[in-house]
Amino acid sequence: MSEKLKVGILGGTGMVGQRFISLLEDHPWFEVTTIAASPRSAGKTYKEAVGDRWKMTKPMPEKVKDIVVMNVNEVEKVASEVDFVFSAVDMTKEEIKAIEEAYAKTETPVVSNNSAHRWTPDVPMVVPEINPEHMKVIDFQRKRLGTKRGFVAVKPNCSIQSYAPVLTAWKEFEPIEVVATTYQAISGAGKTFKDWPEMEGNIIPYIGGEEEKSEKEPLRIWGEIKDGVIEPAALPVITCQCIRVPVLDGHTAAVFVKFRKKPTKEQLVEKLVSFKGVPQELNLPSAPKQFIQYLEEDNRPQVSLDVNFENGMGISVGRIREDSVYDWKFVGLSHNTVRGAAGGAVLCAELLKAQGYITRK
């Protein structure tokens, strides 16, 4: 009998579901034993359900090929098979909220990649290096849901990972105003160039809902628990534009920052490279040893060279320089489907296990 916790993937046939399965292939703590998807995939083996739509560069893990896909809507049945689930379902926001809470009410923890619960006041939205203490709000959420073990936790939007950790590292200098433009990869839309040939050699200056998420979600991450809910921070004020670019993986951000306390470049770089969090202290399996790297070359970070830094779980920063309007500017890069999606959720689950929120059923 495996000592690993039994994991279910809700929405396992889509791109993020595939990324979860790929990342968990040899995980020391977790084992994918159950995959659930839409009724049209239910009853097929995972290999049959995915067919020619496998989008990862690594081949489909042998262990999952013959798992028979379950109907994600059969909540009790799926929940009875697992210790906890990762959610990557493709539904409307209201449907996602309902189904994730339904799983939580079966006493099954849900670690979600979806945006539906990011603004539910008692649901923690966590980047484990930044706000691990927000998981404490789960105690209040369980009271609301009437659960002893079940809850929903979420990770934030992929677009903010390339600059929110940087601004967190610089917190003591009190950033008060931020202008960010993100250049976002097509895998953020669940696409490859084969699916979306019109993106080749093209830029689309709009991604639905991304700008609001990119401006507001960092403030929730930097917020505090008050009266059983997370109250967002007031500063810094962030304004953002989000642009889709012809890159497969990797979100780049060009960012301008105004500080209350004026740092030097040396101080900024030192704070980045020394920045660590609970995942590094606990040596969690998916935690990058070096969370943020600083690259001195003028032409870095580059997607082709740097997106897989620390297996896609690290952040790359370059071009810190003084600005004529703001104080400082920089360029950040993160892997949107690893750190920004499935990998970030896996790290959240590792943190939850370490904190005692996820246990064997």
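- Surrounding CG of Asn311 are at most 12 heavy atoms belonging to other residues, nucleotides or ligands under 6.0 Å away.
- Closest approach of Pro165 to Ile160, counting heavy atoms only: CD-O, 3.7 Å.
- For the salt bridge (Lys or Arg N to Asp or Glu O under 4.0 Å) test, no residue two or more places apart in sequence or in another chain qualifies with Lys265.
- A donor-acceptor pair is defined here as one N or O able to donate and one able to accept, closer than 3.5 Å; such a pair exists between the side chain of Gln267 and the backbone of Thr264.
- For the pair Glu95 (side chain) and Thr92 (backbone), a donor-acceptor distance under 3.5 Å is present.
- Of the N and O atoms on the side chains of Ser159 and Ser214, at least one donor lies less than 3.5 Å from an acceptor on the other residue.
- Taking the charged nitrogens against the carboxylate oxygens, Glu217 and Arg118 do have a contact shorter than 4.0 Å, which makes a salt bridge.
- Between Ile225 and Lys136, some side-chain heavy-atom pair lies under the 4.5 Å cut-off.
- We find that Arg319 and Asp298 are not joined by a salt bridge, their nearest charged nitrogen and carboxylate oxygen being 4.0 Å or further apart.
- Side chains of Phe20 and Phe30 form no contact here, defined as non-hydrogen atoms less than 4.5 Å apart.
- Judged by distance alone, the side chains of Glu210 and Gln184 do bring a donor and an acceptor atom under 3.5 Å apart.
- With rounding to the nearest 0.5 Å, the separation of CZ in Phe173 from CG in Leu167 is 12.5 Å.
- A donor-acceptor pair is defined here as one N or O able to donate and one able to accept, closer than 3.5 Å; no such pair exists between the side chain of Glu215 and the backbone of Thr239.
- At most 12 heavy atoms of other shown residues, nucleotides or ligands fall within 6.0 angstrom of atom CD in Glu224.
- Of the charged side-chain nitrogens involved, at least one lies within less than 4.0 Å of a carboxylate oxygen, so that Asp195 and Lys55 count as a salt-bridged pair.
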Problem set entry | Step-by-step side-chain hydrogen bond (donor to acceptor under 3.5 Å, both in side chains) determination, Gln161 to Asn336 | CA-CA 8 Å; Gln161 313 278 343; Asn336 56 296; over 6 Å; no

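- With sequence neighbours left out, the salt bridge (Lys or Arg N to Asp or Glu O under 4.0 Å) criterion links Lys191 to no other residue.
- Pairing each heavy atom of Trp54 with each of Pro59, the nearest pair is NE1-C, 3.7 Å.
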With a 3.5 Å cut-off and sequence neighbours excluded, list the donor-acceptor pairs that the side chains of residues 82-90 form with protein atoms.
residue, atom, partner, partner atom, Å
Asp83, OD1, Lys361, N, 2.8
Asp83, OD2, Lys6, N, 2.7
Ser87, OG, Glu100, OE2, 2.7
Ser87, OG, Asn114, ND2, 3.0

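- Contacts classified as side chain to side chain donor-acceptor pair (under 3.5 Å) and involving residues 170-179 (residues at least two apart or in different chains) are given here: Glu172-Lys271, Glu174-Arg260, Glu174-Lys261, Glu177-Tyr326.
- Grouped with Leu295 in a hydrophobic cluster is no other residue, since no side-chain heavy-atom contact under 4.5 Å to another Ile, Leu, Val, Met, Phe, Trp or Tyr is found.
- Here Glu198 pairs with Trp196 under the side chain to side chain donor-acceptor pair (under 3.5 Å) rule; sequence neighbours left out.
- The hydrophobic cluster of Trp119 has no other members, since no ILVMFWY side-chain heavy atom comes under 4.5 Å of it.
- Within the 4.5 Å cutoff, the side chain of Asp306 has heavy atoms near those of the Gln293 side chain.
- Crowding of Lys148 atom NZ: a count of heavy atoms from other residues, nucleotides or ligands under 6.0 Å not exceeding 12.
- Atom CD of Glu76 is surrounded by 12 or fewer heavy atoms from other residues, nucleotides or ligands within 6.0 Å.
- For the salt bridge (charged side-chain N to carboxylate O under 4.0 Å, His left out) criterion with Glu129, the lone passing option out of Lys276, Arg339, Lys155 is Arg339.
- Annotation for Ala104 and Thr147: closest pair O-CG2, 3.4 Å, computed over non-hydrogen atoms.
- No side-chain heavy atom of Tyr206 sits under 4.5 Å from any side-chain heavy atom of Cys242.
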For this session: Take Lys63 and Glu31 through the salt bridge (charged side-chain N to carboxylate O under 4.0 Å, His left out) test and state the conclusion after the steps.
Result: CA-CA 10 Å; Lys63 282 185 215 165; Glu31 184 175 1; 5.3 Å; no

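- Summarising the geometry, atom OG1 belonging to Thr168 is positioned 8.5 Å from atom CG belonging to Asn131; distances are rounded to the nearest 0.5 Å.
- Under the side chain to side chain donor-acceptor pair (under 3.5 Å) criterion, Thr120 pairs with His117, not counting sequence neighbours.
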Identify all side-chain donor-acceptor contacts of residues 243-256 below 3.5 Å with residues at least two apart in sequence or on another chain.
residue, atom, partner, partner atom, Å
Arg244, NH1, Ala185, O, 2.7
Asp249, OD1, Ser187, OG, 2.7
His251, ND1, Ala185, N, 2.9

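- Residue Lys44 qualifies as enclosed at atom NZ: its count of foreign heavy atoms under 6.0 Å is above 12.
- When only modelled atom types and interatomic distance are considered, Gln241 and Glu211 share no side-chain donor-acceptor pair under 3.5 Å.
- Residues meeting the salt bridge (Lys or Arg N to Asp or Glu O under 4.0 Å) test with Lys77, sequence neighbours left out: Glu74.
- Counting only heavy atoms from C-beta outward, the side chains of Val273 and Ile292 never approach each other to under 4.5 Å.
- For Arg144, the CZ atom counts as densely surrounded, since its 6.0 Å shell holds more than 12 non-hydrogen atoms of other residues, nucleotides or ligands.
- Rounded to the nearest 0.5 Å, atoms CZ (Phe140) and CZ (Arg142) are 12.5 Å apart.
- Every residue was checked against the salt bridge (Lys or Arg N to Asp or Glu O under 4.0 Å) condition with Lys97, not counting sequence neighbours, and none meets it.
- Side-chain contact between Lys47 and Met60 is present, with at least one heavy-atom pair separated by less than 4.5 Å.
- Using a 4.5 Å heavy-atom threshold, the side chains of Thr33 and Val7 count as separate.
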Report, one line per pair, each donor and acceptor closer than 3.5 Å where one atom sits in a side chain of residues 344-355; sequence neighbours left out.
residue, atom, partner, partner atom, Å
Glu350, OE1, Ser286, N, 2.9
Glu350, OE2, His27, NE2, 2.5
Glu350, OE2, Ser286, N, 3.3
Glu350, OE2, Ser286, OG, 2.6
Gln355, NE2, Pro132, O, 3.3

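- For the pair Ile320/Tyr294, a side-chain contact is recorded, criterion being any heavy-atom separation below 4.5 Å from C-beta on.
- Counting only N and O atoms by type, the side chains of Thr337 and Arg19 include a donor and acceptor under 3.5 Å apart.
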